[in-house]
Amino acid sequence: MPEALHFTGDAEADALLAREPLALLIGFALDQQVTVPTAFSGPLKLQRRLGTLDAAEIAETDPQRLEDVFRERPAIHRFPASMARRTQDLCAHVAEEYGGQAERLWLEAADGVELRRRIEALPGFGEMKVKALGSVLAKRFGVEAAWELTPAHPTLGDVDSIEALEAYQAQKRAYKASVKAGSAPDWPSS
């Protein structure tokens, strides 16, 4: 297990992502229409504001209170209401399906097919997040079943330092610019 996942530039947030499986899942849930550092800093902000990262407690939190926590400045996400709901739905799923232990999602998956099914069942997790989370699980945590989900193109699984994050983000921006210009290479963003 890594000591940190270098997704935020904040040592405490990066360490939380590595040691707390639910934080990793919440970070991926928030990784939509914000930068990687913003998305993956969200779990630490949530923990500080709520006082917990327990899936069952978050699932049972009054929805308005959770939305207020997401709106508190600086906001956890640019879409605080929808992301508070998504986080609460994710936590409810983890509490119900995995007894609140997010790591059971990948530790108990028999193979890549089952792991893909489990990840796709998470609220807000589509194909790109399946590949990106699979890559992180395989390359950073050594989860054997996750190798089947790892794409050939760069993902967050390839990020092992703040410099690698910067290079990944620059590559992703260049790819998006090429898509906009109509000259995209075969490398899809994730």
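All of these numbers come straight from a predicted model, not from anything done at the bench.
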Visitor: Donor-acceptor check, side chain of His77 to backbone of Gln32, threshold 3.5 angstrom: yes or no?
Guide: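 Such a contact is found between His77 side chain and Gln32 backbone.
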Visitor: For Leu156, does its backbone N or O pair with a side-chain atom of Arg140 as donor and acceptor, under 3.5 Å?
Guide: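 The answer is no, because no donor-acceptor pair under 3.5 Å joins these two groups.
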Visitor: Among all residues two or more places apart in sequence or in another chain, which pass the side-chain contact (heavy atoms from CB on, under 4.5 Å) test with Ala167?
Guide: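 Partners of Ala167 under the side-chain contact (heavy atoms from CB on, under 4.5 Å) test: none.
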Visitor: Please report the closest heavy-atom contact between His93 and Ala121, naming both atoms and the distance.
Guide: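 Answer, listing the atom of His93 first, then Ala121: CE1-O, 3.7 Å.
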Visitor: Can you name the one residue among Arg116, Glu120, Glu114 that meets side chain to side chain contact (heavy atoms under 4.5 Å, CB included) with Arg118?
Guide: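 So the option named by the test is Glu114.
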Visitor: If you round to the nearest 0.5 Å, how far is CZ of Arg86 from SG of Cys91?
Guide: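 Reported value, rounded in 0.5 Å steps: 13.0 Å.
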Visitor: Which residue is it: Leu53, Asp10, Leu17, Asp14? I am looking for the one with a side chain to side chain contact (heavy atoms under 4.5 Å, CB included) to Leu44.
Guide: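 Testing each of Leu53, Asp10, Leu17, Asp14 against Leu44, the sole residue satisfying side chain to side chain contact (heavy atoms under 4.5 Å, CB included) is Asp10.
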Visitor: Return the CG to CG distance between Leu30 and Leu46, rounded to the nearest 0.5 Å.
Guide: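 Here the rounded value is 8.0 Å.
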Visitor: Quick one: do Arg48 and Glu72 make a salt bridge, cutoff under 4.0 Å?
Guide: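 Judged by the 4.0 Å cut-off on N to carboxylate O distance, Arg48 and Glu72 do not form a salt bridge.
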Visitor: Give me the atom names and distance for the closest heavy-atom approach of Ala23 to Pro43.
Guide: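 Distance-wise, the nearest heavy atoms are O-CG, 3.2 Å.
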Visitor: Find out if a path of hydrophobic residues (ILVMFWY) with successive side-chain heavy-atom gaps under 4.5 Å connects Phe79 to Ile76.
Guide: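 No.
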Visitor: Please determine whether residues Phe40 and Ile162 belong to a single hydrophobic cluster, defined as Ile, Leu, Val, Met, Phe, Trp and Tyr linked transitively by side-chain heavy-atom distances below 4.5 Å.
Guide: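 As far as the 4.5 Å side-chain criterion goes, Ile162 and Phe40 are connected within one cluster.
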Visitor: Would you find a donor on one side and an acceptor on the other, under 3.5 Å apart, between the side chain of Gln88 and the backbone of Ala59?
Guide: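 Confirmed, Gln88 side chain pairs with Ala59 backbone.
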Visitor: What distance separates Leu107 CG from Gln101 CD, expressed to the nearest 0.5 Å?
Guide: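 Here the rounded value is 9.5 Å.
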Visitor: When you measure from the side chain of Glu20 to the backbone N and O of Leu22, does any donor-acceptor pair fall under 3.5 Å?
Guide: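 Indeed, once roles are kept as given, a pair shorter than 3.5 Å links the two residues.
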Visitor: Would you find a donor on one side and an acceptor on the other, under 3.5 Å apart, between the side chain of Thr87 and the backbone of Met83?
Guide: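 Indeed, once roles are kept as given, a pair shorter than 3.5 Å links the two residues.
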Visitor: Let me check something: do Val34 and Leu25 share a hydrophobic cluster, defined by ILVMFWY side-chain heavy atoms less than 4.5 Å apart, either directly or through other members?
Guide: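 Different hydrophobic clusters.
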Visitor: Would you say Asp31 and Phe7 make side-chain contact, with heavy atoms under 4.5 Å?
Guide: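 Asp31 does not reach Phe7 side chain to side chain.
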Visitor: Classify the ring geometry between Phe141 and Trp106 as parallel (under 30°), tilted (30 to 60°) or perpendicular (over 60°).
Guide: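 Aromatic pair Phe141/Trp106 classed tilted.
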